[in-house]
Amino acid sequence: NENETWKLLLPVCVNAVMSVCAYGLTVRLIPRIKPMFVKANLYGVDMSKRSSGKVPEAIGVVTGCVFLVTMFIFIPVPFTDCIFSNVNFPHDKFVEFLAALLSICCMLLLGFADDVLDLRWRHKLLLPTVASLPLLMVYYVNFNSTIIIVPKPLRSWLGFSLDLWIFYYVYMGMLAVFCTNAINILAGINGLEVGQSLVIATSILVFNVVELFGSQWKAHQFSIYFMLPYITTSLALFKFNWYPSQVFVGDTFCYLSGMTFAVVGIIGHFSKTTLLFFIPQIINFLYSVPQLFHLVPCPRHRLPKYNEKMDKLEPSVTVFHKSELNVLGRLLMYIFKTFKLIKWQEDKGGIVTCNNLTLINFVLINAGPLKEPTLTSILLIIQIVSSMMAFVIRYPLASIFYDV
Ligand code: UD1
Ligand code: MG
């Protein structure tokens, strides 16, 4: 009925207006704040340019702060009726909202610490786990439902539903770790980090809008509150991070984004759908496994190699002696070679030159040297096509696995 629809849409409209303001603010703030970052020694060099000055790094902290402040101001809006009528105040919903913000805020702080201190790999796994704790605690208090519906083909073995117990919490913690780091390792060319995050966020938003008039509308409304300001502030960042980058987003932004997606997925109970929007990141992660687990030597930077003469990017490589690989490393590389997934050159002395195992380099070994903006565009198109596939999997194909 009309009253309900109004209740559904009014906060979303207020949120949308605030998000537009957040965009205006961020677009004005970034150029003004840039010199302060360079002065504070927070800058990097663009490795894919002939000459690059000091490019301010970790500007994700600016968009993150505007995003959070927007959300802080927004806090009372969805609860206005209850505040005035003072009955049936939904404390559970309220604490959910605050915990979500706390987790994102915590991730912003830890991500910024990573940018300033250049933390090591094991910390990168620890940080999102810590940041997701407030959220998991609220999940425990509010739902504590660790029962999952078993996909149809497996029901004859496992039954209709399965209690995952503590493992459900482990899964949610790992989701946060995966979302944050997966974005961070599909990076290194101008505009890619923000671009992919924007595609994922937009996909989540579309999914929420489609589901907004369904039975789970509250969860999707909640997610929209986060997605709108996230998208507008990131759009402002995209403007400055697109080729040629005037600013770098830093790990701050990658963590912030991943955490935001994990938070809405967990609280909104659509974490599997969220993961579906990460298909390129999952592929990039699986492809990277040999290097991430040091089965194959992994240099500090795996971003494509810049060819100054052509002003194009080429695959970057890792060079090692064949005997350096252990059994598992050899097996994995054998599989990759058989399926022609890598460019592997071996000389008589057993010295191997292999491309670094990233999706970016994979595109380059198949498409040949590319200009940087072309390469980013191709990767973003892959991201968009994957999202469309995700919708196909989520809607028509899901009926094979679940009663929807
Ligand atoms: C991750 C990747 C690393 C990749 C790096 C690029 C893994 C395990 N790690 O590391 O391989 O090289 O991201 O971000 O896959 N930069 C550019 N152009 C850009 C963006 C970044 O030249 O468009 C360079 C700048 O020098 C910048 C630096 O990358 O200062 C930032 O790297 P950082 O985010 O600290 O690297 P990691 O996230 O640790
Ligand atoms: Mg990074």
Side-chain angles (χ1 to χ4, degrees), residues 37-38 40-61 64 107 110-125 127-128 177-197 237-238 240-259 280-308 313 315-318 355-362 364 370-377 379-380:
F37 275 68
V38 177
N41 266 331
L42 274 170
Y43 62 84
V45 277
D46 199 327
M47 296 189 233
S48 318
K49 301 287 176 300
R50 285 215 178 86
S51 60
S52 146
K54 297 173 174 177
V55 182
E57 179 99 57
I59 298 296
V61 77
M107 199 68 257
L110 296 175
F112 194 56
D114 183 13
D115 272 324
V116 176
L117 306 172
D118 238 325
L119 299 177
R120 326 190 82 216
W121 261 101
R122 48 171 182 275
H123 300 132
K124 300 201 177 202
L125 300 185
L127 300 183
V177 175
F178 177 78
C179 290
T180 47
N181 285 292
I183 296 174
N184 192 23
I185 63 172
L186 186 54
I189 54 174
N190 292 177
L192 186 59
E193 282 126 311
V194 202
Q196 62 181 308
S197 305
L237 183 58
F238 192 58
F240 297 96
N241 186 239
W242 182 253
Y243 181 90
S245 288
Q246 300 174 38
V247 302
F248 287 146
V249 300
D251 294 347
T252 316
F253 179 79
C254 303
Y255 289 162
L256 170 89
S257 310
M259 200 62 192
Q281 284 71 20
I282 294 172
I283 293 172
N284 183 57
F285 169 74
L286 293 176
Y287 191 47
S288 299
V289 159
Q291 286 195 310
L292 294 182
F293 294 97
H294 293 286
L295 301 169
V296 170
C298 180
R300 166 67 182 87
H301 278 292
R302 305 193 297 162
L303 48 82
K305 202 176 91 209
Y306 180 59
N307 183 326
E308 221 170 280
L313 297 177
S316 62
V317 293
T318 169
N355 64 289
N356 281 313
L357 306 169
T358 64
L359 187 62
I360 310 174
N361 283 328
F362 180 76
L364 285 174
L370 292 172
K371 296 250 187 226
E372 193 173 359
T374 318
L375 182 58
T376 312
S377 307
L379 285 155
L380 291 182

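For this chain, numbers begin at 1 and follow the sequence in order. Whatever order the structure lists them in is the order used to number ligands and atoms, beginning at 1.
Any N or O atom pair closer than 3.5 Å counts here, and W121 shares no such pair with ligand 1. Of the polar atoms of G188, at least one N or O is found under 3.5 Å from an N or O of ligand 1, judged by distance alone. Close N/O approach between E193 and ligand 1 is not found [any backbone or side-chain N/O within under 3.5 Å].
For R50, the CZ atom counts as densely surrounded, since its 6.0 Å shell holds more than 12 non-hydrogen atoms of other residues, nucleotides or ligands.
Looking only at protein heavy atoms, the nearest one to atom 11 (O) of ligand 1 is R302 N, 2.8 Å. At the shortest separation from atom 34 (O) of ligand 1 among protein heavy atoms lies D251 OD1, 2.9 Å. Considering only non-hydrogen protein atoms, atom 10 (O) of ligand 1 sits nearest to R300 NH1, 3.6 Å. When only non-hydrogen protein atoms are considered, atom 29 (O) of ligand 1 lies nearest to H301 CE1, 3.6 Å. With respect to atom 26 (O) of ligand 1, the closest heavy atom belonging to the protein is V45 O, 2.6 Å. In terms of protein heavy-atom proximity, atom 24 (C) of ligand 1 is nearest to M47 CE, 3.6 Å.
A donor-acceptor pair is defined here as one N or O able to donate and one able to accept, closer than 3.5 Å; no such pair exists between the side chain of N284 and the backbone of P280. No donor-acceptor distance shorter than 3.5 angstrom exists from the side chain of N355 to the backbone of S316, with no hydrogens or angles considered. Between the side chain of Q291 and the backbone N or O of P297 there is at least one donor-acceptor pair closer than 3.5 Å. D115 places no side-chain N or O within donor-acceptor distance of the main-chain N or O of E57, the cut-off being under 3.5 Å.
Among F248, F253, Y306, the residue whose heavy atom lies closest to atom 16 (N) of ligand 1 is F248.
Annotation: side chain of D114 is in contact with side chain of Y255 (closest heavy-atom distance under 4.5 Å). Contact of the Q196 side chain with the L379 side chain is not registered, since no non-hydrogen atoms from C-beta on lie closer than 4.5 Å. Side-chain contact between K54 and F37 is absent, with no heavy atoms from C-beta onward closer than 4.5 Å. Contact annotation: the side chain of M259 never approaches that of L110 to less than 4.5 Å [non-hydrogen atoms, C-beta and beyond].
Side chains of K305 and N356: a donor-acceptor N/O pair is absent below 3.5 angstrom, by distance only.
Proximity to N184 (heavy-atom distance under 4.0 Å) selects the following atoms of ligand 1: 1 (C), 13 (O), 38 (O). Of all atoms in ligand 1, numbered sequentially from 1 with element shown, those under 4.0 Å from a heavy atom of G44 are 30 (O). Within ligand 1, the atoms closer than 4.0 Å to a non-hydrogen atom of N190 are 18 (N), 19 (C), 23 (O), numbered from 1 in the order shown.
Among the heteroatoms counted here (N, O or S) of D251, OD1 is the one nearest to the Mg ion (ligand 2).
Looking at K124 against ligand 1, only its side chain comes within 4.0 Å, counting heavy atoms. Proximity of E57 to ligand 1, defined as any heavy-atom pair under 4.0 Å, is confined to the side chain (atoms from C-beta onward).
Taking a 4.0 Å cut-off on heavy atoms, K49 fails to register as neighbouring ligand 1.
Of the candidates V45, I59, L42, N190, N190 is the only one forming a side-chain contact (heavy atoms from CB on, under 4.5 Å) with F248.
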